[in-house]
Each structure stands twice: as structure tokens, then as C-alpha cells.
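Take a look at the structure set out below.
Proteins come first, then strands; the chains are lettered A, B, ... in the order of their sequence lines, and each starts at number 1. All values below were derived from every heavy atom in this structure, side-chain atoms included, with hydrogens, water molecules and symmetry-related copies excluded.
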Amino acid sequence: MNKNQEIAEIFEKIADALEFKGENLFRVNAYRKAARVLSELPEDIEELWKNGKLEEIPGIGKGMAEKIEEYLKTGKMKKYEEAISGIPDGLLELLNIPNLGPKTLSLAYKKLNVKNLDDLKRVIEDGSLAKLSRMGEKKVENIKKGIQLYEEGTSRIPLGIALPIVEEIINSLKNLTEKIAPAGSLRRMKETVGDIDILATGKDHKKIIEKFTSLPMVKDVLAKGETKASVIVKQHNLQVDLRVIDKGCYGAALQYFTGSKAHNIKLRGMAKEKGLKISEYGVFKGDKKIAGETEEEVYEVLGLKWIPPELREDRGEVEAALKDELPVLVKKEDIKGDFHVHSKYSDGVDDIRKIAEFAKKLGYHYIGICDHSKTSKIAGGLDEDALKRRNEEIDRINEEIKGIKVLKGMEVDILQDGSLDYPDKILEELDFVIAAIHQGFKKNVTERIKKAMENPFVDIIAHPTGRLLSGREGYEVRIEEIMEYAAEMGVALEINAYFDRLDLNDINVLKAKKMGIKLAIGTDAHNVGMLRYMDLGIGVARRGWLEKENLLNTYEWEDVPLRRRRTKK
DNA sequence: GCCGTTTTCGGCCCGACTGTTTTCAGTCG
């Protein structure tokens with residue numbers, strides 16, 4: 001774990017501890033903000049400290065800077081020790097239980113000596129928790145449900161899995177609603193989503209809520225009111241929130257529920273300075289509503305250009321919008337081709353001709369066929385003979401189908417010693433080479449990827465943090481080190497939103513942009529569902545502020561700044 | 001604890017829902 005993350009976690013724990021102790025909430029929030037900013041900071045905190053720039057970080061003032069310095073120098077932070085003193089180990093972990101907040105936990109600790117999850121379960125069962133002031137049967141029942149969710153581990157799920165669920169819900173409600181759209185982290189195209197927010201307008205609010213909470217996919221109804229309802233659906237125990245609002249508020253509501261929270265807090269702060277008030281119902285000057293029907297309006301009254309949802313993280317986008325310096329983000333229309341599609345030769349489900357025709361229909365100018373190399377036997381890896389046959393077929397298809405170029409690529413295994421699965425003679429014949437780890441997950445993954453990058457024929461590293469392959473004991477990869485080496489060697493990295501999940505997340509994409517590393521969206525499609533995966537990849541890329549020149553896919557094939565082309569001459 | 005085009009004090013986003021209460025505290029997003 002890098003220092004940014006370490007310190008962010010300590011600040012987060014301080015915030016929890018202070019809140020538990022009933023400390024001033026604004027101070028608590030200052031720690032939370034600092035934690036968030038640090039965890040998303042593209043620069044190395046140690047570097048900033050050495051250059052005396054800690055206080056230039058938003059949310060970091062004199063006090064926080066001192067604490068960061070203390071930690072970097074000594075590995076300890078007095079404030080942290082102080083904050084957690086007198087709190088039993090592991091007690092604050094219980095704050096992750098839904099419906100159990102700091103007040104209730106503190107009360108249970110003081111009055112009933114609850115020190116851990118078992119204690120908590122005990123005081124629920126014996127009825128003593130319900131007897132405390134302002135507690136009761138129903139509150140306890142909700143905490144009990146929360147414990148169940150907590151124990152099941154409702155972790156974030158990949159965007160690619162959440163999208164179809166949302167589509168299903170939206171389709172079910174369509175005939176009752178006028179407008180209906182996803183908001184939240186899904187609209188921001190976060191690579192994973194924790195829950196789903198859906199926004200709707202329609203004549204009969206009650207009916208919409210009723211239908212929503214009684215959908216067959218709904219497992220549990222958490223809340224149900226006039227304007228909003230929350231449910232848990234059967235798929236992945238995912239929480240889905242629906243808000244039904246009036247048409248005139250649609251823009252304000254869409255803006256509000258799209259978030260992120262940090263972005264909204266920023267906007268509301270700005271509004272306040274101007275004597276305005278923003279809520280999900282609109283922007284108000286006194287009692288007068290001055291904006292709210294469209295999102296553009298809401299941003300405009302604050303003197304801002306409309307900000308694409310993917311950027312709304314309070315990561316500098318508001319300042320950029322103020323100065324009219326928002327980047328021109330990659331759009332689907334910018335994509336000229338795809339580098340990573342598997343054919344029937346290895347573990348794809350479609351033949352090359354079909355893929356080529358589909359890609360042409362999408363408007364691509366080129367399509368890179370990347371099959372697995374010989375050592376990946378399970379995935380149907382190609383030996384030299386099969387590869388030769390495949391390449392010949394590609395030649396034939398290129399003769400026959402005009403208007404699209406089919407490229408000879410391969411997803412070549414990085415072997416246990418860091419060498420590649422084919423000799424250079426073979427690699428040289430390919431149009432480009434993607435290298436990736438598919439085996440030996442416990443063995444020096446970082447070093448092997450770096451060694452592979454030293455081969456001049458390697459153009460792209462796929463799933464560089466290898467999450468697709470992980471979830472395995474002992475798998476460890478140092479992405480910072482890999483990125484530094486990729487920058488040095490001129491190798492591109494692949495973004496793969498669907499398969500790689502948290503892999504090259506938006507923070508790393510932002511870092512890559514600053515480091516001058518080229519990225520490639522690899523849909524890694526195994527069938528013709530390329531478009532869907534491409535959407536996901538672009539979403540993640542946009543969150544990292546990626547512009548056309550940063551992305552290999554936006555260049556015409558002749559101009560793609562492949563490493564082998566750039567390092568030649 | 002941070003921050004400043006009302007800047008060194010006094011603010012800090014705002015509202016819905018729930019449950020316990022009889023006007024509001026806690027939790028959530």
C-alpha cells in the first residue's frame with residue numbers, strides 16, 4: 001500500500017473515532033475530506049512533502065500537514081493514538097453495519113458494554129438494546145438486518161454486471177414514467193458501483209413507487225415513502241434506490257443524484273457564496289426558483305460549463321469548468337478500432353470474418369484479433385502452426401472484406417521467468433503484441449511484467465494489475481512501479497473495465513495521463529459484444545480525464561503510436 | 001480542522017425517511 005493510502009486510512013479512522021466520541025462534526029468531516037482527497041491524489045504524498053507542498057492540497061491545512069509530516073518521518077501519528085485511546089479494538093469496525101451509526105454504537109458501548117459483533121448480537125437477542133432511550137423494536141430489527149448485510153459482505157460490483165440489472169428495472173417501469181434514467185455512480189461510469197440510483201418523473205408517483213417495490217426481482221424493501229424508495233434486489237444483493245420527482249426539478253434532481261457527494265458539496269458551497277441554495281428541487285434565490293429543469297441550467301447559474309458526469313468527483317473539474325478549461329474527453333465516435341478481441345482460434349466464440357463484419361458495422365476502421373498464446377492451453381492457446389494458419393486467414397479476409405483492416409495481434413503469455421511465449425521471430429510477424437500474465441500468479445508478477453516490457457516487440461500490457469487473474473492467495477502486483485516502467489519504456493497499458501474490474505481504475509488513468517503513458521481500451525471481447533465493453537472502457541477512461549491523444553484507439557491504424565513505431569528509427 | 005471576491009472568525013450541503021416521540025434524533029445518500 002502506498003503512503004497516500006496509508007495516511008488516508010488513518011485519517012478515516014480518526015474521523016470514525018472522533019465521531020464515536022461525539023466530537024464536533026465539522027472537525028470529523030475535515031478528516032474525512034482529507035482522507036478522500038489523499039486517497040484520490042495522483043501525486044505521491046512523500047514527494048509533495050519533500051517539496052513543501054502539502055498545504056497546497058485542498059482540504060489539507062497546517063494541522064493536517066503537520067500530522068502527515070509526523071507520519072512520514074516517524075511512521076506514527078499521535079493524534080491517531082489519542083483518538084482511538086479508550087475505544088476497544090475492532091469496535092469501530094461495526095460502524096460498517098448499515099443502520100448502525102456512531103450514536104447508537106456509542107450508546108450501546110456505554111450502557112451495555114458492547115465491544116464487538118458478538119456483544120452486539122447478544123444485546124439484540126436479550127432485548128436490552130431495545131430498552132435504551134430512543135431505541136425500540138423496529139430500530140433493533142433494522143440493525144439486525146444491517147448485520148446480515150454486513151456479514152454477507154455487500155461489496156461493490158463491476159459496472160458491466162450492474163448495467164443489465166438497471167436496464168431491466170427501467171424497462172419494467174417505463175410505461176408508468178415520463179422520464180427515467182440511472183443516476184449515481186453508474187451514470188458517472190465508475191468502474192464499480194456500490195448501489196444503484198434511478199430517477200423518474202411521472203404522473204402517479206405513488207403507483208411508480210408501488211410498482212418498483214413490488215418487482216419480482218426485489219428481495220427486501222428498506223424504505224418506501226412519497227418520493228423515494230430503497231430495495232435490495234436478488235441479484236448480488238444490490239441496493240437500488242428510486243426517486244420520483246416533478247418534471248420541473250428533473251435537471252436539479254439528476255444533477256443532485258448523480259453526485260458525487262464531494263462534487264455536490266462543492267457546488268452547494270459555491271452556491272451559498274453567491275447567496276443561492278441548491279437542492280434536488282432546484283436552485284433558489286430566497287424563495288424564488290431560478291433553475292432546475294435541466295442540468296445545464298443548474299451549472300450555468302453557478303457560472304459553470306456543464307460538467308460530464310464522469311468527471312464529477314471534486315478532483316479539479318469545478319475549477320476547470322470555471323475557467324472553461326475542461327478537457328475534451330474521448331467519445332464513442334472517436335474510437336477507430338479495437339485491439340483486443342478473441343476469435344474462435346482460441347477461446348472466442350465467433351470466427352474472424354464475423355468479428356470483422358461486426359466491427360465494420362460499428363464503424364471501426366480496424367480490428368485487432370488477439371488470441372491466446374500456446375502456453376494458455378485452457379484458453380485454447382495457439383501453437384506456432386495454428387498461429388500461422390490464423391494469420392493466413394486474416395490475410396485472406398483482408399483481401400475479401402474492404403473498409404476494415406483486420407490486424408494480427410496476440411495476447412502473449414508472460415511466462416514464469418518473464419520471457420514471452422513465442423520467440424521474437426514470431427512476434428515480429430504480428431502487427432502488434434499484447435503481453436499479459438496468465439500463470440504463476442504468486443511469482444514476482446511485477447518483475448515479470450517489467451521484464452516483458454523490455455522486449456521491443458511488446459506494445460501493450462493487458463490487465464496490468466491482473467485482477468482478472470487474482471482473487472488468489474499470494475497475488476501481489478505493484479502498479480505504481482509498472483506504470484513508471486511503462487512510461488520509461490513507452491509501452492501502452494490496457495484499460496479493461498469489464499474484466500479487470502478495479503484494475504486500471506480512474507485514479508491510475510489520471511496518473512497515466514500525467515505520466516504520458518498511452519492507454520488502449522481493450523474490450524477483451526470473446527464474442528461480438530464489443531460495443532458494450534467499449535462503452536464501459538470509455539466510461540472509465542473519461543473519469544481519468546483521458547483525451548483523444550492519450551488513447552491508442554482514437555488514432556487511424558497508420559498513425560497509432562505503437563511502441564515499436566515510436567522506438568524505431 | 002479547513003477556509004476566505006463580506007478573510008483570521010464563524011461558518012461548514014441539504015433533505016428524506018424511520019422510529020420514537022409528541023417535536024426530533026439518527027442514519028443515509
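- Taking 4.5 Å as the limit, some side-chain heavy atom of D314(A) sits within range of a side-chain heavy atom of R36(A).
- Annotation: dC2(B) and dT7(B) have their C1' atoms spaced 13 Å apart (nearest Å).
- For T227(A) and dC17(B), the shortest distance from a side-chain N or O to OP1 or OP2 is below 4.0 Å.
- Looking at Y80(A), F11(A), F26(A) one by one, the single match for ring-ring contact (aromatic ring centres under 6.0 Å, His included) with Y31(A) turns out to be F11(A).
- One atom, CZ of R188(A), and another, C1' of dG29(B), lie 11 Å apart when rounded to the nearest Å.
- The only option from V221(A), L238(A), D195(A), D220(A) that meets the side-chain contact (heavy atoms from CB on, under 4.5 Å) definition with I232(A) turns out to be D220(A).
- Closest contact between the side chain of K224(A) and the listed nucleotides dC2(B), dA16(B), dT18(B) involves dT18(B).
- For K67(A) and E82(A), the salt-bridge test fails: no basic side-chain N is under 4.0 Å from an acidic carboxylate O.
- At distances below 3.5 Å, not a single donor-acceptor pair connects side-chain atoms of D16(A) with backbone N or O atoms of L92(A).
- The number of heavy-atom neighbours closer than 6.0 Å to NZ of K13(A), taken from other residues, nucleotides and ligands shown, is 12 or below.
- Residue K33(A) is out of contact with every strand shown, counting any heavy-atom pair closer than 4.0 Å.
- The CD atom of E273(A) sits 10 Å away from the C1' atom of dT6(B) (whole-angstrom rounding).
- For the OP1/OP2 pair of dA16(B) and a distance below 4.0 Å, the side-chain nitrogens and oxygens of Y281(A) include at least one atom meeting the criterion.
- Take the nearest nucleotide of DNA chain B for I278(A) and for Q239(A): the residue whose nucleotide is more 5' is I278(A).
- Summarising the base pairing, dC24(B) is matched to dG19(B) through a Watson-Crick or G-U wobble pair whose two defining distances lie under 3.5 Å.
- For the pair K234(A) (side chain) and P216(A) (backbone), a donor-acceptor distance under 3.5 Å is present.
- Between the C1' atoms of dG10(B) and dA16(B), the separation comes to 28 Å (whole Å).
- In this structure the side chain of L176(A) never reaches within 4.5 angstrom of the side chain of D204(A), judged on heavy atoms.
- Within 4.0 Å of N29(A), counting heavy atoms only, lies no atom of the nucleic acid at all.
- Using a 4.0 Å cut-off on heavy atoms, the residues of residues 258-270 of chain A that approach DNA chain B are K261(A), I265(A), R268(A), listed by number.
- Rounded to a whole Å, the CG atom of D246(A) is 12 Å from the P atom of dA16(B).
- For the segment residues 119-140 of chain A, the set of residues with a heavy atom within less than 4.0 Å of an atom of DNA chain B comprises R134(A), M135(A), G136(A), E137(A), K138(A), K139(A), in numerical order.
- In this structure, N508(A) and L493(A) have side chains that are not in contact, with every pair of non-hydrogen atoms separated by 4.5 Å or more.
- With dG1(B), dG29(B), dC12(B) as the candidates, the nucleotide lying closest to the side chain of D195(A) is dG29(B).
- Within a heavy-atom distance below 4.0 Å of DNA chain B, the residues of residues 102-118 of chain A found are P102(A), K103(A), T104(A).
- For K228(A) and dG15(B), the NZ to C1' distance is 8 Å, given to the nearest whole Å.
- A salt bridge links E125(A) to K144(A): at least one charged side-chain nitrogen sits closer than 4.0 Å to a carboxylate oxygen.
- Put simply, the side chain of E47(A) does not reach to within 4.5 Å of the side chain of K53(A), judged on heavy atoms.
- For the C1' atom pair drawn from dT22(B) and dT18(B), the interatomic distance equals 16 Å after rounding to whole Å.
- Separating the P atom of dC17(B) from that of dC12(B) is a span of 24 Å, rounded to the nearest Å.
- Residues from residues 299-322 of chain A with heavy atoms under 4.0 angstrom of DNA chain B: there are none.
- Nucleotides of DNA chain B nearest to F26(A) and L100(A) differ in position, and the one nearer the 5' end is that of F26(A).
- Minimum atom distance to the side chain of A30(A) is reached by dC2(B), of the listed dC2(B), dC17(B), dC13(B).
- Taking atom CZ of residue R27(A) and atom C1' of nucleotide dC2(B), one finds them 11 Å apart after rounding to whole Å.
- A side-chain N or O of Y150(A) and one of E93(A) form a donor-acceptor pair less than 3.5 Å apart.
- dG1(B) atom P lies 16 Å from atom CG of D16(A), rounded to whole Å.
- Between the side chain of T201(A) and the backbone N or O of K179(A), at least one donor-acceptor pair lies under 3.5 Å.
- OP1 or OP2 of dT18(B) has not a single side-chain nitrogen or oxygen of N99(A) nearer than 4.0 Å.
- K323(A) pairs by the side-chain hydrogen bond (donor to acceptor under 3.5 Å, both in side chains) definition with nothing, not counting sequence neighbours.
- Note on ring orientation: taking the six-membered ring where Trp is involved, the planes of F20(A) and Y109(A) are tilted (angle from 30° to 60°).
- With P as the reference atom, dT27(B) and dT21(B) are 15 Å apart, rounded to whole Å.
- The gap from the P atom of dG4(B) to that of dC13(B) amounts to 14 Å, rounded to the nearest Å.
- When side chains are defined from C-beta on, E178(A) counts as touching K203(A), because their heavy atoms get closer than 4.5 Å.
- Using modelled atom types, one finds a donor on one side chain and an acceptor on the other under 3.5 Å when comparing Q255(A) with N264(A).
- Look at CG on N142(A): it is 9 Å from C1' on dG19(B), rounded to the nearest Å.
- Residues from residues 65-91 of chain A with heavy atoms under 4.0 angstrom of DNA chain B, sorted by number: K67(A), K79(A).
- Rounded to whole Å, the C1' atom of dC24(B) lies 9 Å from the corresponding atom of dT20(B).
- Side-chain atoms of N550(A) and L519(A), non-hydrogen and from C-beta on, never get closer than 4.5 Å to each other.
- Separating the CZ atom of F284(A) from the C1' atom of dC13(B) is a distance of 14 Å, rounded to the nearest angstrom.
- Only the P atoms considered, dC14(B) is 25 Å distant from dC9(B), to the nearest whole Å.
- Here the side chains of I196(A) and P182(A) are not in contact, with every heavy-atom distance at 4.5 Å or above.
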